[in-house]
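Just the heavy atoms: all of them, side chains too, but no hydrogens, waters or symmetry mates, feed the values below.
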Amino acid sequence: MLKSSELIEAVKGYNPRCSEDFLRRAYLFAMEAHGVQKRESGAPYFYHPTDVARFLAELKFDAHTVVAGLLHDVLEDANVSLEELENIFGTDVAFLVDGVTKLSKISYSSNSVRRAENFRKFIVATSRDVRTLAIKLADRLSNMRTLNYISSNEKRNRISQETLEIYAPLAERIGMNLVKDEMEDVAFYNLYPQEYGEISSKLDQIRKTEPNFIEKTSLELKRVFRRAGIEAEIHGREKRVYSIWKKIQKHNVSIEQINDIVAFRIIVDEIPQCYSSLGLIHTCYPIVPGRFKDYISIPKLNNYRSLHTTVLGPFKQPIEIQIRTKEMDRIANEGAAIHWAYKSDKISAASEDSKKYGWIRNLLTIYQNSVSSREAMANSKLEMFDSEVFCYTPKGDLVTLPRGATAVDFAYEIHSSIGNSCVAVKINGQVSPLGTVLKNGDRVDIITSPNKKPEAVWSQFAVTGKAKACIKKFIKEQEKRQFEILGEQLTKYVFASSGATFDESLIDHKKFASSSLNKFYCNVGKGIIPLGSVFKIIPNPVEREVPFENYVCLADLIPGIAVHFAECCRPILGDQVIGALIPRKGLEVHAESCDYLKKNKGLLIKTKWSREDKSDSPLLSKLRIIVSNQMESFSNVANIINTCKAVIINLKTERRTVGFLTLLVNLKTRNEAHLEEVLASLRLCSNVRSAEKID
């Protein structure tokens, strides 16, 4: 057990001005608070908080953080109140301790909801003071080191799964890779003991086949650097078991097929020496193609910097080489903890000093926008995985996203308001669908409109937790109102089809088990109240043709909530359409020529795109334009249409070949003559092979 004198000596070693009395009082308070409590190992409970404090002192944290580490369990496991803690040790320590304390005294519907709410509380505290995260990671690491003493397999597995899904990614996000590696290996051993044993046995066999391989290779590399006159520290190591298992799963290969089981770290003094060392390695040994990464030029989100390459080493075995400076190596091992050392003030995720903690703000946004705790937890896990795609704004600002992220994810990463109002995207100057998966180096320009709203379909291709949470929150908030709008329109439609003037006073919503008129409309929109029942409230109904002004107007409805466009015919703006009312789903819109309508003679609702009368509406047309497959073709087509004062409603690529692109364009023009003018102008363009109107 760490003695109080040892803890004081450790802290004063890097912070001579810290108060010995402050540390000693906290040590004695924690010891007394935990009293005779025991861990499952049988050891005194007090060993655990001293282990947490030792870890924080090793990372040179300020005295307040070390004291909070000593006291981090007293609110939850001892008879100590937050007010008492604040009176004795101050607001700063009390806040940190409260931030990592679980919500154990509140009743929840399930353990999963409790865990999600605990994590939400922790993220809120972390966004206000990032030191909370350091204490939590120290706490989890200490618990993982004694995990084998927990008798319940179910509890061990739950803690291990939670560690792999949440706490190891958190440690990686702040660059504390040594912490991440240790937690992952312990968790993996508990969850998959058979796989752990198999990989360990394979590693033993490899060591026997190539005895002293690491030592021999290190000596050869040192000779190469000595001859080149470059001073460097060279260290070799095997990859950790969990890291190897992830590669086996990802690439579906055996352990023998993995190229970089052994990695060598080359540490030099200055950045120019990193690149000189890389040149030397590539000159002496054949490279493995596609395995070079420059994290010095573009650091990872957690500020990890290094050059990575894989070569056939001195003994013709594939080895990974990591080249970095001493400072980069410290950051790779300790991460953000280096920058937290000595600081006794709050390190807020919103402060100028903490722009690198934007992902914490994203986690907070997820919890603010998620419909439920479970959904927030799921989206948080998405947000914490390592980001590997680097894209740029039109101004050249770097945006880092997870692999597989789309243009919609990019928009929400810039700001939630940008995501909510995005209408189109240009990727490297070309108009592209919002669901386009982004690649490294893409320059992304998001086009917004104040009248645009998120669509439910976006959540199907959004990848980041932040984007998914924002989209789902908007859809959930709009759902009730959208069904009310649809229900009111349907009620007016029934009145119009019955030859009656719409009169709300005829509607007794209580007879329909609805608490209000809006609830009545909502139930009509959802199909809970059939239109036949609405028809019965109309006095002396006379069946007649529904006037155009009483058609259900799609302009008032957001696609994907109360109105859905049928997949069978995929109607677009300008098509003649009709709606099929689907109970609890809403209105499914089909093209009038769709075979579905011929086979299903259910309740069909006449539908219009806008509030305008047909005779006064602008002409909506669908064009098929074939252009040469060149970068400027999109912009040429858009410029011609804009010059002709027509409006592009929608644009998508129907077909792409080596030489040509086939574009489908929904166009709004004043009349037929205006449309012919646009078509003629398009046909004059050298990039356009053909342009025609299609039905």
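Between Tyr167 and Leu137, the closest heavy-atom pair is O-CD2, 3.6 Å. Between Phe634 and Leu651, the closest heavy-atom pair is CE2-CD2, 3.5 Å. When all heavy atoms of His564 and Lys585 are compared, the pair lying nearest together is NE2-O, 3.1 Å. Nearest heavy-atom pair across Asn157 and Leu191 is O-CD2, 3.6 Å. The heavy-atom pair separating Val186 from Met144 by the smallest distance is CG1-O, 3.4 Å. Shown here for Ala638 and Ile648, the closest heavy-atom pair between the two residues is CA-CD1, 4.3 Å.
Remark: Arg624 CZ to Leu663 CG distance equals 10.5 Å, nearest 0.5 Å. Remark: Met183 CE to Asp181 CG distance equals 9.5 Å, nearest 0.5 Å. In this structure, CD1 on Ile561 lies 5.0 Å from CD on Gln482, to the nearest 0.5 angstrom. Taken from CZ in Arg291 to NE2 in His308, the straight-line distance is 10.0 Å, to the nearest 0.5 Å. Remark: Leu401 CG to Cys391 SG distance equals 6.0 Å, nearest 0.5 Å. With values rounded to the nearest 0.5 angstrom, Glu654 atom CD is found 8.5 Å from Ile626 atom CD1.
Residues Thr448 and Ile418 meet the side-chain proximity criterion, which asks for heavy atoms closer than 4.5 Å. Using a 4.5 Å heavy-atom threshold, the side chains of Val288 and Val311 count as separate. Side-chain contact between Val463 and Lys468: absent, with no pair of heavy atoms (C-beta onward) separated by less than 4.5 Å. Arg265 places none of its side-chain heavy atoms less than 4.5 Å from the side chain of Ile323. Annotation: side chain of Lys136 is not in contact with side chain of His72 (no heavy-atom distance under 4.5 Å). You'll find the side chain of Ile641 reaches within 4.5 Å of the side chain of Leu667, heavy atoms only. Annotation: side chain of Ile446 is in contact with side chain of Phe410 (closest heavy-atom distance under 4.5 Å). In this structure the side chain of Tyr412 reaches within 4.5 angstrom of the side chain of Pro454, judged on heavy atoms.
Judged by distance alone, with hydrogens and angles left aside, the side-chain atoms of Lys180 form no donor-acceptor pair with the main-chain N or O of Ala168 at under 3.5 Å. A donor-acceptor pair is defined here as one N or O able to donate and one able to accept, closer than 3.5 Å; no such pair exists between the side chain of Asn687 and the backbone of Val627. Judged by distance alone, with hydrogens and angles left aside, the side-chain atoms of Ser243 form no donor-acceptor pair with the main-chain N or O of Lys239 at under 3.5 Å. The closest donor-acceptor contact from the side chain of Ser633 to the backbone of Asn629 lies at 3.5 Å or more, if one exists at all. Here the side chain of Arg324 pairs no donor or acceptor atom with the backbone of Ile266 at under 3.5 angstrom. The backbone N or O of Asp442 sits nowhere less than 3.5 Å from a side-chain atom of Asn428 that would complete a donor-acceptor pair. Judged by distance alone, with hydrogens and angles left aside, the side-chain atoms of Gln478 form no donor-acceptor pair with the main-chain N or O of Ile475 at under 3.5 Å.
Within a 6.0 Å sphere centred on CD of Glu58, heavy atoms belonging to other residues, nucleotides or ligands number more than 12. Surrounding CZ of Arg655 are at most 12 heavy atoms belonging to other residues, nucleotides or ligands under 6.0 Å away. For CZ of Phe461, the number of neighbouring non-hydrogen atoms (other residues, nucleotides, ligands) closer than 6.0 Å is greater than 12.
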- Query: Can you list the steps and then say if Tyr392 with Val399 is a side chain to side chain contact (heavy atoms under 4.5 Å, CB included)?
  - Reply: CA-CA 6 Å; Tyr392 297 89; Val399 176; over 6 Å; no
- Item | Worked check of side chain to side chain contact (heavy atoms under 4.5 Å, CB included) between Asp329 and Thr325 | CA-CA 6 Å; Asp329 191 54; Thr325 65; over 6 Å; no
- Message: Run the side chain to side chain contact (heavy atoms under 4.5 Å, CB included) test on Ile135 and Leu56 for me, step by step, so that the C-alpha distance in whole Å, both residues' side-chain angles and the decisive distance to 0.1 Å come before the verdict.
- Response: CA-CA 7 Å; Ile135 299 168; Leu56 296 169; 4.1 Å; yes
- For side chain to side chain contact (heavy atoms under 4.5 Å, CB included), just list the numbers for Ile281 and Phe264, CA-CA rounded to whole Å, side-chain angles, deciding distance to a tenth of an Å, and then say yes or no. CA-CA 12 Å; Ile281 292 292; Phe264 292 86; over 6 Å; no
- Does the ring-ring contact (aromatic ring centres under 6.0 Å, His included) test come out yes or no for Phe188 and Tyr192, once each step is laid out? CA-CA 6 Å; Phe188 178 58; Tyr192 305 99; 5.7 Å; yes
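A donor-acceptor contact closer than 3.5 angstrom links the side chains of Asp409 and Thr406. Side-chain atoms of Thr163 and Arg140 form a donor-acceptor pair, as typed in the model, at a separation below 3.5 Å. For Asn143 and Asp139, the side-chain atoms include at least one donor-acceptor pair closer than 3.5 Å. Thr65 and Asp62 share a side-chain donor-acceptor pair at under 3.5 Å.
Each of Ile287, Ile321, Thr309 was evaluated against Phe292; a single residue qualifies, Thr309, per the side chain to side chain contact (heavy atoms under 4.5 Å, CB included) test.
The residues Glu182 and Arg240 are annotated as not salt-bridged, no charged nitrogen and carboxylate oxygen being separated by less than 4.0 angstrom.
Within the cation-pi definition used here (under 6.0 Å to the ring centroid, within 45° of the axis), Lys293 does not qualify as a partner of Tyr295.
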